[in-house]
Amino acid sequence: MYRKTHQTIQEWYQQSGRLDLPWRNTDEAYYIYLSEVMLQQTQVKTVLERYYIPFIERFPSLKSLGEAPLDDVLKMWEGLGYYNRAKNLHKTATLVDELPSDIEELIKLPGIGKNTAHAVAAFAFHQPVPIMEANVKRILCRLHQLIKPTEKRLWEIAYDLVDKVNPFDYNQAMMDIGATICLPRNPKCEICPLSDICKGKEEPERYPEKKKRMVPTREQNILIRIYEDKLSLTQREGKFLHGLWGFESVKIPECASEYLGEVTHVYTHFKLNCKVYLYYEHTPEHSDYFSVDEIQKLAISKVDEKIVKLFLATM
DNA sequence: AACCCGTGGGC
DNA sequence: TGCCCAAGGGT
């Protein structure tokens with residue numbers, strides 16, 4: 001089954017695949033696992049140019065990662081987004097000495113879902129299983145003209161199509177085909193190695209259904225408390241920007257505070273509009289205070305980075 | 001199943 | 001510009 005298709009995919013991969021990606025040229029399971037977590041909902045270019053190598057240099061082994069303070073891990077993750085990934089990565093490093101090879105064991109670890117478990121199994125342990133990320137999903141939808149498929153159906157198709165002889169190259173190839181040929185818009189069907197078995201190539205952009213997003217706007221008042229030339233920041237505790245340091249959000253700014261200006265930021269699900277106020281404390285409150293230099297050593301989010309810049313620009 | 005969780009690329 | 005979207009996981 002699919003013998004010819006598998007051969008075509010393998011030939012395409014050797015000719016046109018992204019063979020030089022660093023996580024494709026290592027046997028170290030930790031390095032492969034790390035790449036899978038960093039690449040969740042994150043483009044290859046971002047991970048490749050700014051995060052993957054520095055993170056490995058700072059935390060060269062699962063052991064060193066587990067022994068490090070979470071704040072250090074978050075600092076290396078700063079700017080990459082979805083910070084629960086860093087928290088779960090660190091947690092997993094404290095739980096195991098080595099990554100398990102079984103999908104059932106991998107999926108029990110925090111931050112490893114069905115896809116990442118399959119990816120680690122296929123790429124680190126060369127198991128004959130398919131993966132199921134954004135590129136593969138789009139390809140499978142087009143191959144079978146699926147507009148809004150269930151996860152179950154997608155996995156059935158994936159297991160049917162996977163090349164069990166060379167699952168590593170097959171899975172890497174599928175992602176490359178999705179990233180360079182089977183594009184969301186204007187796919188290059190005329191040069192696609194899968195075009196022989198693709199039922200959706202006449203109207204590829206019909207599959208799968210586009211996501212529609214609501215982007216409401218939220219208003220916030222940010223209060224920068226200053227005491228002896230140092231700024232007050234607190235470490236966030238909820239799910240949002242977990243573990244990162246940031247400025248305080250208040251309902252009503254202190255009446256003696258000075259209006260600095262506005263900062264905006266766009267997230268996936270909402271737009272944030274911050275009015276920033278400055279307030280000089282007479283006595284220190286129960287939060288920590290940092291100089292601008294000291295703030296550089298903390299892990300903070302993009303919004304708070306913008307707020308620091310606004311503060312510096314108005315001084 | 002649907003929603004929350006960040007940031008930046010690319011058009 | 002504004003919008004879609006990216007090697008998803010947790011709930």
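Throughout, a chain's letter reflects where its sequence line sits, starting with A, and its residues are numbered from 1.
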Inter-nucleotide [atom1] distance ([N], [M]), Å rounded:
N: B:dG8; M: C:dG9; atom1: P; result: 22 Å
N: C:dC4; M: B:dC3; atom1: P; result: 16 Å
N: C:dA7; M: B:dG10; atom1: P; result: 11 Å

Aromatic centroids of [Y] and [X] separated by under 6.0 Å:
X: A:H126; Y: A:F168; result: yes
X: A:W23; Y: A:F123; result: no
X: A:W155; Y: A:H118; result: yes
X: A:F247; Y: A:F311; result: no

(message) Looking at B:dT7, I'd like to know if its phosphate oxygens (OP1 or OP2) sit under 4.0 Å from a side-chain N or O belonging to A:H265.
(response) yes
(message) Is a donor from one side chain sitting under 3.5 angstrom from an acceptor on the other, for A:R236 and A:S301?
(response) no
(request) Assess the side chains of A:R24 and A:Q172: does a donor N or O sit below 3.5 Å from an acceptor N or O? (result) yes
(message) So for atom CG, which belongs to A:L312, do other residues, nucleotides or ligands contribute more than 12 heavy atoms lying within a distance under 6.0 Å?
(response) yes
(message) Looking at A:D97, I'd like to know if its CG atom is crowded, meaning that more than 12 non-hydrogen atoms belonging to other residues, nucleotides or ligands lie closer than 6.0 Å.
(response) no
(request) List in numerical order all residues of residues 32-67 of chain A for which some heavy atom is under 4.0 Å away from an atom belonging to DNA chain C. (result) A:E36, A:L39, A:Q40, A:Q41, A:V44
(message) Can you list, in residue-number order, the parts of residues 74-88 of chain A that come under 4.0 Å of DNA chain C, counting heavy atoms only?
(response) none
(message) Rounded to whole Å, how long is the line connecting atom NZ of A:K271 with atom C1' of B:dC5?
(response) 19 Å
(message) How many whole angstroms separate atom CE of A:M214 from atom P of B:dC3?
(response) 11 Å
Do any of [range] sit with a heavy atom less than 4.0 Å from DNA chain B, and if so which?
range: residues 232-246 of chain A; value: A:K239, A:F240, A:L241
range: residues 122-161 of chain A; value: none
range: residues 301-311 of chain A; value: A:S301, A:K302

(message) I need the minimum non-hydrogen distance between A:P100 and A:F125, along with the two atoms involved.
(response) O-CE1, 3.3 Å
(request) Write down the atom of A:R18, the atom of A:M175, and the distance for their closest heavy-atom approach. (result) NH2-O, 4.0 Å
Tell me whether [Y] is reachable from [X] by hopping between hydrophobic residues (I, L, V, M, F, W, Y) whose side-chain heavy atoms are closer than 4.5 Å.
X: A:I103; Y: A:L161; answer: yes
X: A:Y170; Y: A:I197; answer: yes
X: A:L109; Y: A:M38; answer: yes

(message) Taking the nucleotide of DNA chain C with the nearest heavy atom to each, does A:G111 or A:Q172 sit closer to the 5' end?
(response) A:Q172
(request) Would you sort out whether A:D71 and A:Q235 count as a side chain to side chain contact (heavy atoms under 4.5 Å, CB included), showing the intermediate values? (result) CA-CA 10 Å; A:D71 280 354; A:Q235 197 162 21; 2.8 Å; yes
(message) Please report the interatomic distance OH(A:Y52) to CD(A:E57), rounded to the nearest 0.5 Å.
(response) 11.5 Å
(request) Shoot me the first and last contacting nucleotide of DNA chain C against chain A, ordered 5' to 3', at under 4.0 angstrom to non-hydrogen atoms. (result) C:dC5 to C:dG10
(message) Does the plane of the ring in A:W245 sit parallel, tilted or perpendicular to the ring in A:F290? Use 30° and 60° as the thresholds.
(response) perpendicular
(message) Angle between ring planes, A:H265 versus A:Y267, binned at 30° and 60°: parallel, tilted or perpendicular?
(response) perpendicular
(request) Mark yes or no for whether A:R225, through its side chain, and A:E281, through its backbone, hold a donor-acceptor pair below 3.5 Å. (result) no
